[in-house]
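The block underneath contains the structure these notes are about, expressed in structure tokens.
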Protein chains: 2
Amino acid sequence: MGENNAAEILRKAGMKKTAGRVALLKLLLESEKPLSQQEISRMLKGVELNYVSIYRSLEAFCRAGITHRIETGDRTWRFAVCSCGGRGHCHPHFICNSCGAAECLRGMEIPELPAVNREYVVEATEFYLKGLCARCSSEV
Amino acid sequence: MGENNAAEILRKAGMKKTAGRVALLKLLLESEKPLSQQEISRMLKGVELNYVSIYRSLEAFCRAGITHRIETGDRTWRFAVCSCGGRGHCHPHFICNSCGAAECLRGMEIPELPAVNREYVVEATEFYLKGLCARCSSEV
DNA sequence: ACTTAACTGCAAATAACTTGCATTTAAATA
DNA sequence: TATTTAAATGCAAGTTATTTGCAGTTAAGT
Ligand SMILES: [Mn+2]
Ligand SMILES: [Mn+2]
Ligand SMILES: [Zn+2]
Ligand SMILES: [Zn+2]
């Protein structure tokens, strides 16, 4: 099911259905947290997909509105699928200062800001909560 | 005046009043926009301050609550003084997708979010608006 | 089957930071 | 004022996430 789903998403986005991309997208579809390239490489067991290709695929996914990119502040990026289809974030993200994990706060919306100066064109907004995740905050 | 101000801030923070740090802090105090290390190096004319020292000073400033750090999304950091004295952001930031410039939206506040799950400890929030700055949006 | 643009892998490059270490210096103290 | 010391500095080298160039492969349309 996840596999068909991935293939279908690729098709709709006009991308080739390659083993690597299907596996990558399936992984992202099943992951509850945004993943970094390293995490993806580690988790993509059994499927060889060069890390450069992972980056290129992730970029294509983001361009197509399939995924969005999260900046965790440690100079790495994490990626997560989002069904909103837009190119930006549609919800806030939590980032753990201790373990670095990111989390999509899917239940929430990014609050609106009182209009910015008209000279600016706002294309996207990002809202980050930083602190300690459940696991890290409960550590002794 | 800016110089005395910088020296005073350093003193209050328990830092040594060195020529380099005074010049750096003075530059940040006078800058209307957050600056990257490279921009700082370029602008610090007449004062030799190694770029490693710039990074180390900026880190010390942030720890002391003198400055805050902004992530522009292009994997660089920018720094700006903030009088709130806190360690996090106290206002949203605008980031230009075209020229990469950042801007402190000092007039605004970062909106509150409806309480997150109690297991999480939220230590700071960051709000970014991304789009085209005044200059870039008016280009033909 | 043929064609072609999309995709991939490999090696090398980039660039923003970080680290180690030896030297200097502001400023506290005697 | 001389002494002391922790903080600050400079330089060289290291780290690492991401990018780029290029040549070879392959999905998918004809
Ligand atoms: Mn998300
Ligand atoms: Mn600011
Ligand atoms: Zn955590
Ligand atoms: Zn701009």
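Chain A is the first sequence line, chain B the second, and so forth, proteins listed ahead of strands; every chain is numbered from 1. Given the structure is predicted, the values throughout are model-derived calculations rather than measurements.
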- Query: Nearest-Å distance, CG (B:L58) to P (C:dT18)?
  - Reply: 10 Å

- Task: To the nearest Å, give me how far apart CE (A:M15) and P (C:dA5) are.
- Result: 18 Å

- Sidechain N-carboxylate O distance under 4.0 Å for A:E139, A:R135: no

- Counting distance only, does the side-chain N/O of B:Y128 pair as donor-acceptor with the main-chain N or O of A:Y128 below 3.5 Å? no

For nucleotides 12-15 of chain C, tabulate all protein N/O to nucleotide N/O atom pairs closer than 3.5 Å, reporting atom names and distance.
from   : atom 1 : to    : atom 2 : distance (Å)
C:dA12 : N6     : A:Y51 : OH     : 3.4

- Query: What residues, two or more places apart in sequence or in another chain, satisfy ring pair (Phe, Tyr, Trp, His ring centres under 6.0 Å) together with B:Y55?
  - Reply: none

- Roughly, in whole Å, what's the span from CD1 in A:I54 to P in C:dC10? 12 Å

- Item | Set of residues satisfying side-chain hydrogen bond (donor to acceptor under 3.5 Å, both in side chains) with respect to B:R11, sequence neighbours excluded | B:E8

- Task: Return the set of residues passing salt bridge (charged side-chain N to carboxylate O under 4.0 Å, His left out) with A:K16 (not counting sequence neighbours), or none when no residue passes.
- Result: none

- Task: Enter the distance from B:I70:CD1 to B:L35:CG here, rounded to the nearest 0.5 Å.
- Result: 9.5 Å

- Task: Apply salt bridge (charged side-chain N to carboxylate O under 4.0 Å, His left out) to B:R106 and list each qualifying residue two or more places apart in sequence or on a separate chain.
- Result: none

- Task: Could you pull out all residues at least two apart from A:R87 that satisfy salt bridge (charged side-chain N to carboxylate O under 4.0 Å, His left out)?
- Result: none

- For B:E48, answer base if it contacts any base atom (sugar-phosphate contacts may also be present), sugar-phosphate if it contacts only those atoms, and nothing otherwise; contact means non-hydrogen atoms under 4.0 Å. sugar-phosphate

- salt bridge (charged side-chain N to carboxylate O under 4.0 Å, His left out) filter on B:R56, not counting sequence neighbours, yields none

- Item | Residue list, side-chain hydrogen bond (donor to acceptor under 3.5 Å, both in side chains) with B:T76, at least two apart or on another chain | B:T72, B:D74

- Euclidean distance, atom CG of residue A:L49 to atom C1' of C:dA6 [Å, nearest integer]: 14 Å

- Message: Please classify the nucleic acid contact of A:S57 as base, sugar-phosphate, or nothing, using heavy-atom distances under 4.0 Å.
- Response: sugar-phosphate

- Message: What is the distance, to the nearest angstrom, from the CZ atom on A:F61 to the C1' atom on C:dA6?
- Response: 13 Å

- Provide, to the nearest angstrom, the distance between the CZ atom belonging to B:R69 and the P atom belonging to C:dA16. 15 Å

Atom pairs under 3.5 Å: protein N/O with N/O of nucleotides 21-24 of chain C:
none

- Query: So which heavy atom on B:L25 is nearest to which on B:A6, and how close?
  - Reply: CD2-O, 3.6 Å

- Are the side chain of A:S41 and the backbone of A:Q37 linked by a donor-acceptor contact shorter than 3.5 Å? yes

- Message: How many whole angstroms separate atom CZ of B:R78 from atom C1' of C:dC17?
- Response: 15 Å

- Note on the structure: Bounded by its outermost nucleotides with an atom under 4.0 Å from a heavy atom of chain B, the footprint on DNA chain D reads D:dA6 to D:dT18

- Task: Check whether the ring centres of B:H91 and B:H89 lie less than 6.0 Å apart, and answer yes or no.
- Result: no

- Task: Check ring pair (Phe, Tyr, Trp, His ring centres under 6.0 Å) between B:Y120 and all other residues, then give those that pass, not counting sequence neighbours.
- Result: A:F94

- Helical bend (five base pairs per end, nearest 10°) for the helix from C:dA1-D:dT30 to C:dA30-D:dT1: 30°

- Can you tell me the distance, in whole Å, between the OH atom of A:Y55 and the C1' atom of C:dT8? 17 Å

